[in-house]
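Have a look at the structure below before the remarks.
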Amino acid sequence: MGAGPVHETLAALRLVDHHCHGVVTADLDRPGFESLLTEGEAWPGISPFDSPVGVAVRRHCAPLLDLPRHAPAEEYLARRTELGAREVNRRFLAAAGTEVFCVDTGFTPDRLTAPRELAEAAGGRAYEVVRLEAVAEAVAAHGVEPDEYAETFRAAALEAVSRRGVVAVKSVAAYRTGFDLDPARPSDANVTEAARRWLAGGGRLADPVLVRQLLWTAVDLGLPLQLHTGFGDSDIRLHRVDPAHLTDWLHLTAGTIPVLLLHCWPYQRQAAYLAAVFEQVYLDVGLTLHHVGPARAGAVLAEATEITPFRKLLYSSDAYGVAEFYHLGALTFRQALAGLLQERVDADELSLPDALRIAAWAGGDNARRLYGIPPTDTDHRLPDPHLPGPDRD
Amino acid sequence: MGAGPVHETLAALRLVDHHCHGVVTADLDRPGFESLLTEGEAWPGISPFDSPVGVAVRRHCAPLLDLPRHAPAEEYLARRTELGAREVNRRFLAAAGTEVFCVDTGFTPDRLTAPRELAEAAGGRAYEVVRLEAVAEAVAAHGVEPDEYAETFRAAALEAVSRRGVVAVKSVAAYRTGFDLDPARPSDANVTEAARRWLAGGGRLADPVLVRQLLWTAVDLGLPLQLHTGFGDSDIRLHRVDPAHLTDWLHLTAGTIPVLLLHCWPYQRQAAYLAAVFEQVYLDVGLTLHHVGPARAGAVLAEATEITPFRKLLYSSDAYGVAEFYHLGALTFRQALAGLLQERVDADELSLPDALRIAAWAGGDNARRLYGIPPTDTDHRLPDPHLPGPDRD
Amino acid sequence: MGAGPVHETLAALRLVDHHCHGVVTADLDRPGFESLLTEGEAWPGISPFDSPVGVAVRRHCAPLLDLPRHAPAEEYLARRTELGAREVNRRFLAAAGTEVFCVDTGFTPDRLTAPRELAEAAGGRAYEVVRLEAVAEAVAAHGVEPDEYAETFRAAALEAVSRRGVVAVKSVAAYRTGFDLDPARPSDANVTEAARRWLAGGGRLADPVLVRQLLWTAVDLGLPLQLHTGFGDSDIRLHRVDPAHLTDWLHLTAGTIPVLLLHCWPYQRQAAYLAAVFEQVYLDVGLTLHHVGPARAGAVLAEATEITPFRKLLYSSDAYGVAEFYHLGALTFRQALAGLLQERVDADELSLPDALRIAAWAGGDNARRLYGIPPTDTDHRLPDPHLPGPDRD
C-alpha cells in the first residue's frame, strides 16, 4: 500500500460494506474454488488464477494463509484445504476491517453464512438487504392467483422488509430484462396478465411487466433500492444494463426512494452522470474493484468519481462465496481511494482535510446516513459480539 | 501548473473559446450560486462544493478572490458577495486569458451578459452562435400556420445568422430527442403535420420530425453547426446522445457544413472516431473539463485525442452563468493539453515544435480557420476595447 | 522503449500476428500513402501526418528509413520514394520481428503481397484467414439460384478453408449490419428469400438474414472465427459494433467455435467482459494500438485487460497496405504490454515469472494454441526461408 496520511487513514478505517453476500461454509475443492473466483466458469486449460483477480488473490491473499506473495495456485489451494474453510474464512473476514455488512440474502445456490455468522466471523455487525426477485419467486412457488399476485407480492415484500435489521431492498432486473423498460408503473390488468403467463410457465421472474411492477413495488416500500448494473456473469446483456437507461424511471420516481447503482463497470461514467444530476442516485464500484485488482482499481475508481458528488460514493465488496473477496474488496477500495486522494493532495488539487473527509464519507458515513445505520461507539479493534444490532436478537 | 516549454506556451496563449454562454450579471446568493455550479441541482445536505467541480473552484478560483487555496465554501461565498458580481466577473474573465468568445445567445433563463459585455469584461472579442431551437420557438410564439412553419423558420434563421458577428449555429437536439433519428430530410408534408401538432400543443420544440428539419435547415444555412453531445443536465438521456448515432446523417450531409461535437463525455472516443473518419467533424471537451477538474481533465482529454486529427480539436469552456467557469475552463484546458503534450515530448514521442503547433491549433487556430475569425494583431496583454470586431459596432 | 526484464523479453519475442493483411507492392505517391495512413481519407488541409498515427510514423518509422526521429512528412515521403516500395517493405517487415502472420486474403482493393510474399519479406511464416463475405460474394458473382445459395456458399467456404495453411475464417458483419441481429440460425426459406433479393439487386452482402447465415456457416466450418468489432472506417456505425450485442449469439454457439474479437476499441471493456464470461471468446486490440500510437497504447491495453483472462489476449497488427503498420503494430504492442507488466512487477502486484509467462502467451502462445500453429524450433534471429510451413509448398 502507498504511503501518506490518506493511506494511513483509509487503512485504519472500519468500512461499511453496503452490499455483499454470504461466504460458503463448506470446504471447497479446486473446481469449486475456481468457479467462485470468476464471473465466468472454470474452463479446461484456462485457470481463473491466470486472470487479474487470480493474480490479485495470489498476491494479496496468500500471505494471510502464511504463504509467500504470488504463491502458485497449487500451493494456495493446498494450504486453503489444510487450514479448512472455517479458519480461512475467519482470517480473510477479520482482515477486511469491515464494521458493517449489508448482506443480500436472496441468492443462495451454495450454502452460505447467514448475515449474523458472517458478521461474527468478521467482528462486525450485519444488516440485511432483501432481494425482491427472491420474494416474488417465493410467492409464485407458494401458489397465487394471477389477479392476486401484485398484492400478495407487495404484502410479502412488506413483511420481508419489516424484519429487524433490514435496511434496503435489491433488484437484479439487470439480469432479467435489462433496463430498457417502459418506465411507467404497469396497470393492474397488465400485471395480472403477465402474472398469468409467468405462473403458468414457471421459471425465474423475467417478464418485463413484472420486473417493472417489482421496481415500482420497491418505490412503495420506501427503502433504499440497490440495483445491479453493469458487470456480472454471462446472463447479463451488458449493453442493456447501462444505468443511463434508467433515466426516465428516475425522473418518474424522483423524490421517493434512494437508488444505489452497484458495480457499474464499464458504465461507471454513466453512473456518475446519474449521481450528479439525480438527487436520489448513489453508486459504488463493488465487484469491479477486486476483479480488476489493485493494478487497475485506481483507474476505474477515478473514472467513477470524475463528476460524482463525494456524498454519493459508497463502498461495497459484493463479495460472494469465497472469503478472499471480502479482504480483496476492502483492500482494493482502500488502496484505490487513498491513491486517488493522496495524489490530489500531493498535487495541491485537494486539501488534506477534504481528502480525509471524503475518505470517511465513502468508506462508511455515506452508507450510514443513507441506511440509517448507527455509528458504533465501541473499540474498533475489539468488537463486542453482544453489541445490540438488528441481526443480533 | 506543470513545468516545461509546452506549459509556458499554453499558459501564455490567448484562447478562442468557440462555445460559451453569458455570465449572470446580478449578485448571486448561496442557492443561486450552488445551482449554477452543478448540472444537477443544489440538494439538501449535499453541497455542490463537495464535488469535483466544487473542489476545483475552491482550489483554483479562491485565490483570485484573495482567499487561500481550498478556502471553505462559506468563506468563498462571503467573499464573492463582498466583492460583488461585477468585480468577481471581471476578475475571472480577465484571468481566463481568452481573446475570442463565440457566445450561444439562445439560452437565457437568467439575466446574462450580452456577448459584447462579456468580451469587454474579458478584454476580448465576441462573436455570436445562434441557437436554432430558440429561433424556431420564437417563430412558434409569434404565430405561424403549420404549412408555413418550415419556410418561416428558415427565413428567421437566415435573418438571425445574417446579423453581424454570427459565426455558427447550434442545436440542442441532444436535449430534445437525442440522435437516434431518421437521418433523411423530412418531407414538407411531414413537417407541416408535425408543426400542426407542436403549434397546437405548445412547449419546447421536441418533435423528431421538427428536430430533423432543424438539423437540415442548419445544412441549408451553410454555417458551422455546433451540436451538444454527451454530458448535460438530467434532461439528457445519455445513451441517446452518443454522437455515433449521427453517423448516417453525417454520411448524408458530407461535403456541406462543418459539424462541431461539443462536450462529448463520456463518448469522447466515439466523437474522436467521427472526427477521424468524417472530414467535416470537429470536437471539443468543453464543459467536461471544468466539471471533472484538473485532477481528471488530462485523462479525459487523452481519451478524446486518441485518434483525433490534431486539426480537429477545439477549445471551449461552455461556461454558463458563473464567471468561475471561464477561468476554470481555460485553466483545465491549458493544463490538460500542456500535460499531455509535454509528457509526450519528454518521452520523445513528439517533437517540441510539433507540440507547440498542436497547442496553437487547438487553443485557437483551428477555431479561427473554421469560423473565419481574423487573427488579432494587438498586444495580447493589453487588449484594446475599441478593437474592431463583429459585435462592437 | 522502457527498461526492465519484461521489456527485454518482449523486445526479443518473435510474435504471432494473428490478423493482418498484405502490403501494397507498388510505390505509393503522397495521396496514396496518406489515404492508407488513416481510417478516414486524406482531406485538403488536414494531413493524416497531423494525427496520432502520423506522429507515431514520423517518430518510430523514420529512423528505419535512415531519417532522424520526427522527420517532417515531406522528407519522410521523399525518402520512401527514394528507397522504393520493395526496400521499404523489407525494412519494416523485418523490423516487426514477427514469426507468424495470419493473413486475411479477402480484402484487396489494392494489389497486395500474397501471404507467402509477406512472410518471406519478413523472414516468417504465413497462414491464411478466409474472409467469408468474399467467399459469399464470389458465389453470387459466379451465379447461383437463390434456393441453392446457402449450400453453394457453404461448399465454397468449406473448399476455401480446406486449402493448405488456412487456420481461421473472418467476418466483417460489423461493416455490413452491425451485431444487433436475431441470433438464431435463419431458416432455409428465409435464406432463400433473402438470397433472391440480394442476387437480384447485387452489391455487397449486407442483408441481415444472409449475415446471420454466414455467421452460422462459420460455426459449421468448425474453425476459429475472427470478428471485426469496434473501430474502422466510416462504413462502421460504431454503436452497432459493440461486441456485447453478440451475447445471445455467443450463448447459442457456446461449445462450438472459438470467436476472436478484433480491434474492439472503444469497446475494449465490453470485449474483456465477453472474454471473461464465455469460454470461446478471445480478443486483441489490433489496429487500435498503432492508430493511438505508443502514447496511448498502454492505456487502451490496460482497459482491454482489466478482467480478461491472460490466456485470452492475442496480438494482431491488423496492418493493411503500408509496411509501417507491421512495425508500428508490433512496437506498440511490445511497449504497451511490457510497460503494463513491468509496472505491476515493479509495484509487486505481479511476479516476474508470471509477467514473462503472460508476455509469451499474448505475444504468440495463445494464438499458436488456438490455431494449432506449430512452434518454430529455429534460431529466432535467423529465420530460415525454407522452413516448412503451410504456405510454402
Side-chain angles (χ1 to χ4, degrees), chain B residues 179-180 183 239-251 254-255 266-282 299 301-313 340-341 343-355 357-358 361 366 369-370, chain C residues 1-2 37-56 58-60 62-63 68-73 178 230-242 265-269 287-300 303 332 335 339:
Chain B
F179 299 136
D180 212 359
H239 54 295
R240 295 201 196 121
V241 299
D242 172 352
H245 290 272
L246 293 164
T247 306
D248 287 310
W249 186 77
L250 291 169
H251 273 293
Y267 304 110
Q268 56 270 17
R269 283 168 161 157
Q270 282 82 347
Y273 160 74
L274 295 174
V277 301
F278 284 99
E279 181 175 6
Q280 76 266 36
V281 174
Y282 296 74
L301 186 67
E303 292 181 19
T305 55
E306 268 169 2
I307 62 166
T308 301
F310 297 119
R311 301 236 56 154
K312 299 294 200 84
L313 178 67
L340 182 155
L341 295 172
E343 187 183 19
R344 294 178 191 185
V345 170
D346 293 344
D348 195 24
E349 286 293 334
L350 187 68
S351 73
L352 180 59
D354 284 336
R357 208 159 48 110
I358 293 167
W361 285 349
N366 289 341
R369 186 165 95 146
L370 190 63
Chain C
M1 185 138 186
L37 207 56
T38 169
E39 291 286 314
E41 295 168 46
W43 305 309
I46 302 183
S47 166
F49 277 102
D50 291 324
S51 68
V53 67
V55 164
R58 288 171 48 222
R59 163 63 183 87
H60 293 284
R69 294 191 300 277
H70 316 295
F231 182 41
D233 68 33
S234 69
D235 266 3
I236 288 284
R237 270 61 178 166
L238 204 54
H239 55 294
R240 295 200 195 120
V241 299
D242 173 351
W265 183 95
Y267 304 110
Q268 57 270 17
R269 282 168 163 157
L287 185 66
T288 305
L289 293 191
H290 63 262
H291 272 282
V292 306
R296 289 295 297 170
V300 171
E303 291 181 19
T332 51
Q335 284 195 6

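Sequence lines set the chain letters: A, B, ... in the order given, protein chains first and strands last, and positions in each chain run from 1.
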Tell me, for [X] versus chain C, whether the close heavy atoms (under 4.5 Å) come from the side chain, the backbone, both or neither.
X: B:S351; result: both
X: B:R344; result: side chain
X: B:E343; result: neither
X: B:A347; result: neither

Using every non-hydrogen atom in the two residues, find where C:L238 and B:A244 come nearest and quote the distance to one decimal. CB-CB, 4.0 Å
Applying a strict 4.5 Å limit to non-hydrogen atoms, the region of C:P48 in contact with chain B is neither
Determine whether [X] and [Y] make a side-chain contact, defined as any pair of heavy atoms from C-beta on separated by less than 4.5 Å.
X: B:E306; Y: C:V300; value: yes
X: C:D50; Y: B:P309; value: no
X: C:W43; Y: B:K312; value: yes
X: C:P44; Y: B:E279; value: yes
X: B:E349; Y: C:R296; value: no
X: B:F310; Y: C:P52; value: yes
X: B:R269; Y: C:Q268; value: yes

In Å and rounded to the nearest 0.5 Å, what is the [atom1] to [atom2] distance from [X] to [Y]?
X: C:S234; Y: B:F278; atom1: OG; atom2: CZ; value: 4.5 Å
X: B:I307; Y: C:L287; atom1: CD1; atom2: CG; value: 9.0 Å
X: B:R311; Y: C:S51; atom1: CZ; atom2: OG; value: 13.0 Å
X: C:D235; Y: B:H251; atom1: CG; atom2: NE2; value: 6.0 Å
X: C:H70; Y: B:L352; atom1: NE2; atom2: CG; value: 10.0 Å
X: B:D348; Y: C:H60; atom1: CG; atom2: NE2; value: 8.0 Å

Ranking C:R69, C:H291, C:R240 by heavy-atom pairs under 4.5 Å to chain B gives rank one to C:R69
Evaluate the ring planes of C:F231 and B:Y273, with Trp represented by its six-membered ring, and classify them as parallel (under 30°), tilted (30 to 60°) or perpendicular (over 60°). perpendicular
Side chain to side chain donor-acceptor pair (under 3.5 Å) between B:D180 and C:H239, worked out: CA-CA 11 Å; B:D180 212 359; C:H239 55 294; 5.3 Å; no
What residue, out of B:I358, B:T305, B:D354, B:D242, has the most heavy-atom pairs lying under 4.5 Å from chain C? B:D354
